[in-house]
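Working notes, beginning with the structure itself.
Numbering starts at 1 and runs along the sequence shown. One-based numbering, in listed order, for ligands and for the atoms of each. Computed over heavy atoms, backbone and side chain alike; hydrogens, waters and symmetry mates excluded.
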Amino acid sequence: MVEIPDYLLERSREARAQLTGAASGNDATGSDSAEVTASASEPTITEPVVTEPVIEKIEPPKPIAPWVTAAQERKKIPVWMAPVALFLPIWAFMIWGTLEKPTYDDEGPVAAGGAVYDANCSSCHGAGGGGGVGYQLNEGEVVKTFPDVESHIAWVVNGSSPAGTPYGDSNREGGQRIAQNQGVMPGFAALESIEILEVVLYERVTHGLEGTQQLEAYILWAESGELPEWEDGISPQSISASFMEFVEMNPEALEAYEETLEEASS
Ligand code: HEC
């Protein structure tokens, strides 16, 4: 036996009450109205609830503009061209730089520094220090930037700062140096300390036009072979402390150093 749910019974009862109410307004007899009630209530129970169907609206694809199609089909510059184009001027300078003639005599740490320079620095700075990717070093320029050996050494070990950063002597004749954006100099901490000192001495003599006499204590330092490791981030102060340690232990170097101090103050 099928049980009729309560809510359906309730609904039929209401429908019937409505119809009987409407029938009582007519001239129909009680029995007639009962019959109407019975037949009218039937569909109320079975009639399914009809909900409006949801119609999804599908928009037709928009036509693609001809210039968009043209842009999509056009041949593009390969991605790797960007770094290549960026470094082209640097390479151009590197090749140009190697064409100049090196200038150094052939003995001692200064000459040894020349070999280090040719191998590691001439590509950017020019074989004669005339400049290229970096500033001109020769005709005394490099010594104007770094009046002391220690900050010169620290610069070569650490490499250049980001573009826009001032470096070297802030009272530099001709204005303080500012790192350029056309190329950043790598740090050379991977070189031996002796090579760093040699190349600095070489630059100061051949480009900076400093006399070897003036650099005697540093030349002795290079010849002693008693150099600490210079790692990335080294400060001129720390290099100076090592140098002073050496000078205090070495009478010849001390004498040479005192002479340069006297010369500087006179
Ligand atoms: C990849 C190129 C490149 C190489 C290689 C390079 N440098 Fe430089 N160097 C520069 C640039 C560029 C500057 C200027 C600073 C800047 O613009 O960032 C500079 C600046 C300098 C300066 C300061 C000069 C001044 O008066 O302002 C010195 C000293 C120097 N380099 C020494 C060296 C030494 C020594 C080596 C080799 C051991 C070397 N550089 C290798 C690019 C290079």
For Val142, atoms of ligand 1 separated by under 4.0 Å from a heavy atom: 26 (O), 29 (C)

Ring pair (Phe, Tyr, Trp, His ring centres under 6.0 Å) against Phe146, all qualifying residues, sequence neighbours excluded: His152, Trp155

Ligand 1 versus Ser160: contacting region, heavy-atom distance under 4.0 Å: side chain

Counterpart residues, salt bridge (charged side-chain N to carboxylate O under 4.0 Å, His left out), relative to Glu141 (two or more places apart): Lys144, Arg172, Arg177

Residue Leu137 vicinity, atoms of ligand 1 by number, heavy atom under 4.0 Å: 22 (C), 24 (C), 28 (C)

Option nearest atom 36 (C) of ligand 1 (shortest heavy-atom distance, choices Gly174, Gly131, Cys121): Cys121

Phe146: numbered ligand 1 atoms lying under 4.0 Å from its heavy atoms: 23 (C), 29 (C)

Tyr117 to ligand 1, any heavy atom closer than 4.0 Å: no

Numbered atoms and elements of ligand 1 in range of His152, under 4.0 angstrom, heavy atoms: 29 (C)

Nitrogen or oxygen of Tyr135 less than 3.5 angstrom from that of ligand 1: no

Linked, directly or transitively: Leu197 and Met249 (ILVMFWY side chains, under 4.5 Å): no

Per atom 21 (C) of ligand 1, closest listed option by heavy atom (Trp155, Phe188, Tyr167): Trp155

Backbone or side-chain N/O/S of His125 under 2.8 Å of atom 8 (Fe) of ligand 1: yes

Sub-6.0 Å ring centroid separation between Tyr218 and Tyr257: no

Ligand 1 contact by Pro186, heavy-atom criterion under 4.0 angstrom: yes

